[in-house]
Amino acid sequence: MTAARLSLRLGRWGLLGFSILAFAPSLVQAVGFYQIAGHTVASRAAFAQSMSQVASQLSFILAPPAGLDTVGGYVEWRAFGGLAILFAVWALLSGSGATRGDEERGLVEAVLATGLTRSRWLASRVIGFALTTFVAALAGGLGLVAGVAGGHESISLGPVVEICVALAALGLSCYSVTLLIAQLTGARIATAAAGVVLLALFLVDRLSQTFTWLASWRWISPFHYYDLNQPLAPGGSFDGRATLTMLGIAMVGAAVAGVAFELRDVGAPLVRWPSRHRPATYEPSRSPLWRIPVVRGLYERRAGLATWAAGLAAVGVLFVYLTKTVIQPLLSFPTLDQFFGGFGGGQLYASFLGYLWLSIAELLFAAFAIAQVARWAAEDGDGRLELILSTPTPRAGVVVERAITLMFGAALIAVVSGIAVAVAIHYQSMNVSGERLVEGTLLLVPFALVFAAAGSVLAAWNPRAAVGLLGGLAFASYLVDELGPLFRWPTWLQDLSAFKLFGTPLSTGIDRTGLAIMIVIILVGFGASILLMERRDVGA
Amino acid sequence: MKFEVAQLHGAYMLREMAVSAIRTSKLSKDYGVGRGLFDLDLEVTPQEVFGYLGPNGAGKTTTIRLLMGMIKPSAGAAFVFGLDCIRDYVEVKRKVGYLPGDMPQFGSLRGKEVVAYLGGMRGGVDPNAVRSIAERFDLDLNRRFREYSSGNKRKLGILLAFMHRPDLLILDEPTNGLDPLNQQEFYELLREARDGGATVFLSSHVLSEVEHVCDTVGILRAGKLVRVARLDELRAAGETSLEEIFLSYYSDTDHHQKALPE
């Protein structure tokens, strides 16, 4: 009982944050439905038709929708579809943190020293996450109910609870998969390894909508079982068997993780690879790279940068193939060909690729920037910044070096992924301007720096809150760009979004005003963080 | 020679040559509710080994972090070799070797990479000095930081503080986590540094250690410096042991309420 209470306490910030993240989009999408779709049958039918076209473009992210002319069907697709990804990310971070993160910081040893068995400790973490994920899912349901009430309609609570149960079951199954993977791998790569597995399970489900040869593998993915639940759409239903399957995955995953935990040493993976013997040395590294500012930072992050670059390149290539696969059949219909003729000034492939690839790349570059800011904040918290500042390095120099290192790191990732996309475009014989592809890809660098500049200010002001605040800022910025045009929000508000400033460089070229604003934000942000850094107490 | 120079350039130069290694004037850092450091007036002369004593929360680390310019004083000022610790913090760092109380995390970096990384930032590090210290402590620099035991992490911290042969060593509980053999090696290293002209300012809980290596001790209580004494003078005067002197400031249960000795 005490262990379960501790588990709940450890997850309280996740519960709060993800409850807000679940509540907000379902509320916003429900309110947005009434504003855009209106209240007549005809207007809702027209809205459903246009949304079904959007749905076909988003099939690699969101499951196929049903009942888009109803608030339930629309919110189920738009909000709860996205929440599935969000809850999977939460499960990944929470699961790897509960397994290896807590071991790294000595919490697991301290708990086991009290006499609690390993399996009971693991069970308490699973129960704790199950409760928190269900409460957060209910917050999503509450957002829908509140949004519907705002539209002066009502919705049956049964289906709302059912979709929340399905969402919580999905989160729990992802959590158990993460627990299991984290037992097998080293602490350093636990999150990445589990992330790769969850991403693969996600892609198997989503890409099977496009690539039919993947359909026979759908059954291994918990996301598939989540998609089978459509209780909010008219004619849809709650699939009890699918939900039980997700819970079964969760139980089996947790049980096997428990066995693996019993078998391995605390702090060590179950599977150990023989390490290469290295003779002892008493010499410092002779590599000159450690002495060159910026280069030393890039060199230190070389493994991470290579992973980011390879990952983005792979995603980029995948989206090129997706664009070709989605667009080519559509063009075979003369009426659609005519319809698409006016899309993006006739540059159909560029428009779709920009929509699919660059919009995802924006999110990933924002994530890259946030990851770097998290590192800066951690350097402050764990005393590394203090040791760096014990050398004759000016505080302003630390900020400037961080910014330039991040700029070159982002540029490296952009160039590698851009080249991969360009090669894939060439082999797919798609008509995309090479110049715009270069411009669009390089524009990702100032885009990432905008978030880095904001993060630098936050990290200098309050390192402990920096990552959370920057994540919230990025989320708000994304929401403003996504929802601003739909809800006809003021232009000045939409212009505050970094995603809006990025524009659509593949189809319409670089928005020079947006680029200028981004450069101003970068300069002001890093300038302000230098001032803050000079005045603040380090490590406080 | 010194006198001739002083005659040529006047009293200012004389004062510069006689400058203290560390000098603080009414140095304060107020964290509120009575926590922090208050009105610290301290002087450490060159080539002195100064032991800074006090229980947890007395203000030892706060003093050290003020001297290193990591935190800003609420009032007063601190100087290292005449340089203002806040205004001239970059110049101060050239003269100082610093060992923090807790070693930061360097994750998967190897020991030799941590040395090269921070040595590259500092500049002027002699690889022979690095090798010499690493060999003395039998610290394998080929291992990853995360694989180091807490004692080995401490050894790496000591190496980083000593590797550029600084004029002033500021060490926060330096022997924390070191085994007795390595503690002896550290004391030897400290003596060599002092004989080489360095000044040492170290904080410690270990009274025997301070008695063993320090020339002067300062006792801190609830953020206030309550006693500074040279150990040889204490011994010559036949005063009680350092332990008894130290405990006399903490003997009663409500020592936080106790008026400081006049």
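Convention: sequence-line order gives letters A, B, ...; per-chain numbering from 1. Every value quoted in this text rests on a predicted model; they were computed, and no experiment measured them.
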Shortest non-hydrogen contact from [X] to [Y]?
{"X": "Met70(B)", "Y": "Arg395(A)", "result": "O-NH2, 3.2 Å"}
{"X": "Tyr98(B)", "Y": "Ser390(A)", "result": "CD2-CB, 3.5 Å"}
{"X": "Ile71(B)", "Y": "Val538(A)", "result": "CG2-O, 4.1 Å"}
{"X": "Lys72(B)", "Y": "Glu534(A)", "result": "NZ-O, 2.7 Å"}

Side chain from CB out, backbone as N, CA, C, O: work out which of these in [X] comes under 4.5 Å of a heavy atom of chain A, or both, or neither.
{"X": "Phe137(B)", "answer": "neither"}
{"X": "Arg143(B)", "answer": "neither"}
{"X": "Leu99(B)", "answer": "neither"}
{"X": "Asp138(B)", "answer": "both"}

message: Only heavy atoms, only distances under 4.5 angstrom. Which residues in residues 115-126 of chain B are near chain A?
response: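 So far as heavy atoms go, Val115(B), Ala116(B), Tyr117(B), Leu118(B), Gly120(B), Met121(B), Arg122(B) are the residues that approach chain A to under 4.5 Å.
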Which of the residues [options] is involved in the greatest number of heavy-atom pairs with chain B at under 4.5 angstrom?
{"options": "Asp382(A), Leu389(A), Thr393(A), Ile292(A)", "result": "Asp382(A)"}
{"options": "Leu387(A), Leu289(A), Thr281(A)", "result": "Thr281(A)"}
{"options": "Pro284(A), Ala280(A), Gly381(A), Pro293(A)", "result": "Pro284(A)"}
{"options": "Glu104(A), Glu401(A), Arg384(A)", "result": "Arg384(A)"}

How far does OH of Tyr299(A) sit from CD of Glu113(B), to the nearest 0.5 angstrom?
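Going from the OH atom of Tyr299(A) to the CD atom of Glu113(B) covers 6.0 Å.
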Just checking [X]: does its [atom1] atom have more than 12 heavy atoms from other residues, nucleotides or ligands closer to it than 6.0 angstrom?
{"X": "Glu135(B)", "atom1": "CD", "result": "yes"}
{"X": "Arg165(B)", "atom1": "CZ", "result": "no"}
{"X": "Asp102(B)", "atom1": "CG", "result": "no"}
{"X": "Phe408(A)", "atom1": "CZ", "result": "no"}

Evaluate salt bridge (Lys or Arg N to Asp or Glu O under 4.0 Å) for Glu147(B) paired with Arg278(A), printing each intermediate quantity in order. CA-CA 13 Å; Glu147(B) 295 169 353; Arg278(A) 287 172 178 268; over 6 Å; no
Compare all side-chain heavy atoms of [X] with those of [Y] and state whether any distance is below 4.5 angstrom.
{"X": "Tyr282(A)", "Y": "Ser132(B)", "value": "no"}
{"X": "Pro104(B)", "Y": "Glu386(A)", "value": "no"}
{"X": "Glu283(A)", "Y": "Val130(B)", "value": "no"}

Margin query: I'd like to verify something: which residue of Lys93(B), His164(B), Met103(B) has the highest number of heavy-atom pairs under 4.5 Å with chain A?
Written below: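 It is Lys93(B).
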Practice prompt. Could you check which of Met163(B), Arg110(B), Met68(B) has the highest count of heavy-atom pairs closer than 4.5 Å to chain A?
Written response: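 So the answer, after comparing Met163(B), Arg110(B), Met68(B), is Arg110(B).
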